[in-house]
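Written out below as structure tokens is the structure these notes cover.
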Number of protein chains: 2
Amino acid sequence: MTAFPVPTLPAPPVAVVGLGQLGGSLTAALVDAGRPVSGWDVDPAARDAAQARGVTVSRELAGIVVLAVPLPAMGTALDGLTVDPDATVTDLGSVKTPVLERLGPRLGGRFVGGHPMCGTERSGHTAVDPGLFTGARWALCLEQDTDPHRWLRVAEMAIAVGAEVVPVTAAEHDDAVAAISHVPHLLAAALAAAADEAGPLARALAAGSFRDGTRVAGSDPAFVTAMVEGNAKPAAAAPARVQRQLDRPWPELVAAGHAAATRPAGRRSVRVPLDRAALLALGRAGGAVTRRLAAFLDGWVPDAE
Amino acid sequence: MTAFPVPTLPAPPVAVVGLGQLGGSLTAALVDAGRPVSGWDVDPAARDAAQARGVTVSRELAGIVVLAVPLPAMGTALDGLTVDPDATVTDLGSVKTPVLERLGPRLGGRFVGGHPMCGTERSGHTAVDPGLFTGARWALCLEQDTDPHRWLRVAEMAIAVGAEVVPVTAAEHDDAVAAISHVPHLLAAALAAAADEAGPLARALAAGSFRDGTRVAGSDPAFVTAMVEGNAKPAAAAPARVQRQLDRPWPELVAAGHAAATRPAGRRSVRVPLDRAALLALGRAGGAVTRRLAAFLDGWVPDAE
């Protein structure tokens, strides 16, 4: 891993398109961090709510442009808006390959796909929380042609709102989130629907394990369907991995689940150069970037298992 | 439904065998409710902890004897203890048919199987919480030969610690908990183990939906395995119902899960006589008993759907 100097420049302004739970929370967190931030939403109520929180409402976008819109709207979110031709564009979508396929050809190295791993079953601008990103992992894509300095500016923005940045490729990201997000959403829906079928007595007896296991079934169904359909291939393959686990003898299955759920989450500090291969290796090891220094990025990887 | 007078007698003493999370919490809640309560545990540390909370430690059991021991210990929990031959015996086990088969022949109408639908992934006497039963459903079995007045005394005890009593048969209970407890435990284990297999990057990106979906995988594996194996037939059949849901087209599955998870939980008050058929009908409608009057039991059923 070769270290090389990383230029220190003033933080660019951030322009967020879409001011629902994620986009609105990002603008609120950036306002709190003292960063210049503007926002736009097709919904006047969301614009008004953002303005009341100190966000400049504007159709002129420059610096880092964040697409915080639902996946189906990603390709048209910039229509009718004025975008600085040198702007870096990132998004907060829950799948990365389809967004990259859509925006990559148009934006090239100026596009940096992103996905903050947070959000709750609530949605919309009334669910805005400036602390939403604190301690969250934020996947940030480094493709072959991604400009590493643009990647760094987006990473700095994520770090400024309290997140830890996980370097990934879009394809690796989509496989990973199928296992840890899309399958949990599908299982929660299936569990809730199956208990519903079992009748009122079963529902009346439902307690902690059922509530936990079905919590995300309360999420907006249009959002969940778009998320899963947007990652159709990995999401269709992942339930089979869960099924293979369910086919194990119960004591073995329960012990494996317990070991996985209770593995100590140790971490050790590392320094990583702004280098695609080094950063992707950090992400594959389960690590994240937490800070930038002059020439290095601070981060962590899990303790050796 | 015929109403008939229910005798009002002084509350009997309660003797709890097993002072871990459930048994210890029950004694603590009964002490808080001003009920006479004694306890016994094979572990001296658990006995000492209970004594420090105002519980009389004794091997002489009378009144309502509560077996709060793990399922495999249920048949031998009374060995070496002195039990009043007129005592009513109940248990807190998570499956009811095997306990009934084990204790029913010995105790007949004196045995009233029970299952409070609470408890957390913590266990043991250090996890004792006198508020554990507040608002919880407590399934209480009414078999053909259950003495309804003994059933009522146990129900009154459950109500005294803040629970709502769901009248069930052991078989109905075991089918219901397979759907709302045993399958969630198995799915949580399978989800955690499958994500573990997917590698460190997936684990590093795991967020809300994964944490919720795997929370109960942190439960004591011996406890979970005993619980599921103790309800082997219903627990083996229930995952197929979840699988059938997973086979539906995603938009349909997600919509069904959302509808089930967000159905308003309305309730209306009803009065029910102390009559097995009437009480079981209340339970099958998803209702519960909340109070006893002179001749009636107060309860609720869900609003008509």
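Chain letters run A, B, ... following the sequence lines, proteins first, then strands; residues in each count from 1.
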Next item on the list: Using a 4.5 Å cut-off on heavy atoms from C-beta on, say whether the side chain of B:Pro184 contacts that of A:Leu191.
Entry: yes

Note to self: Just so I understand: if I count every heavy-atom pair under 4.5 Å between each of A:Val242, A:Thr262, A:Leu186 and chain B, which residue has the most?
What the structure shows: A:Leu186

Margin query: Within the 4.5 Å heavy-atom criterion, are B:Asp212 and A:Thr214 side-chain neighbours or not?
Written below: no

Note to self: Between A:His258 and B:Val224, is there a side-chain heavy-atom distance shorter than 4.5 Å?
What the structure shows: no

Note to self: Quick one, A:Val254 and B:His185 - any side-chain contact, counting heavy atoms below 4.5 Å?
What the structure shows: no

Next item on the list: Measure A:Ala288 against the heavy atoms of chain B and call it side chain, backbone, both or neither at under 4.5 Å.
Entry: neither

Checklist line | Top contributor to chain B interface from A:Ala195, A:Gly283, A:Ala178 [non-hydrogen pairs under 4.5 Å] | finding: A:Gly283

Check: Do you know which of A:Val183, A:Val216, A:Leu187 makes side-chain contact (heavy atoms from CB on, under 4.5 Å) with B:Ser209?
Finding: A:Val216

Item checked: B:Glu172 portion near chain A, given a 4.5 angstrom heavy-atom threshold -> both

Note to self: Is it the case that the side chain of A:Arg137 and the backbone of B:Ala204 share a donor-acceptor pair, with hydrogens and angles ignored and the cut-off at 3.5 Å?
What the structure shows: yes

Notebook entry, point to check: Got a second to check how far B:Arg263's CZ is from A:Asp196's CG, nearest 0.5 Å?
Noted result: 4.0 Å

Item checked: Selection from A:Pro251, A:Ala255, A:Ala259, A:Gly287 maximising heavy-atom pairs under 4.5 Å formed with chain B -> A:Pro251

Check: Top residue by heavy-atom pair count (under 4.5 Å) with chain B, among A:Ala206, A:Ala179, A:Ala198, A:Pro239?
Finding: A:Ala206

Notebook entry, point to check: Given the options A:Arg244, A:Glu229, A:His115, A:Glu164, which has more heavy-atom pairs under 4.5 Å with chain B than any of the others?
Noted result: A:Glu229

Next item on the list: Against chain B, work out which of A:Asp175, A:Leu205, A:Leu246, A:Val168 has the most heavy-atom pairs shorter than 4.5 Å and name it.
Entry: A:Leu205

Note to self: Does any backbone or side-chain atom of B:Arg284 lie under 4.5 Å from a heavy atom of chain A? Answer side chain, backbone, both or neither.
What the structure shows: backbone

Item checked: From A:His173 atom NE2 to B:Leu201 atom CG, the distance as rounded to the nearest 0.5 Å -> 8.5 Å

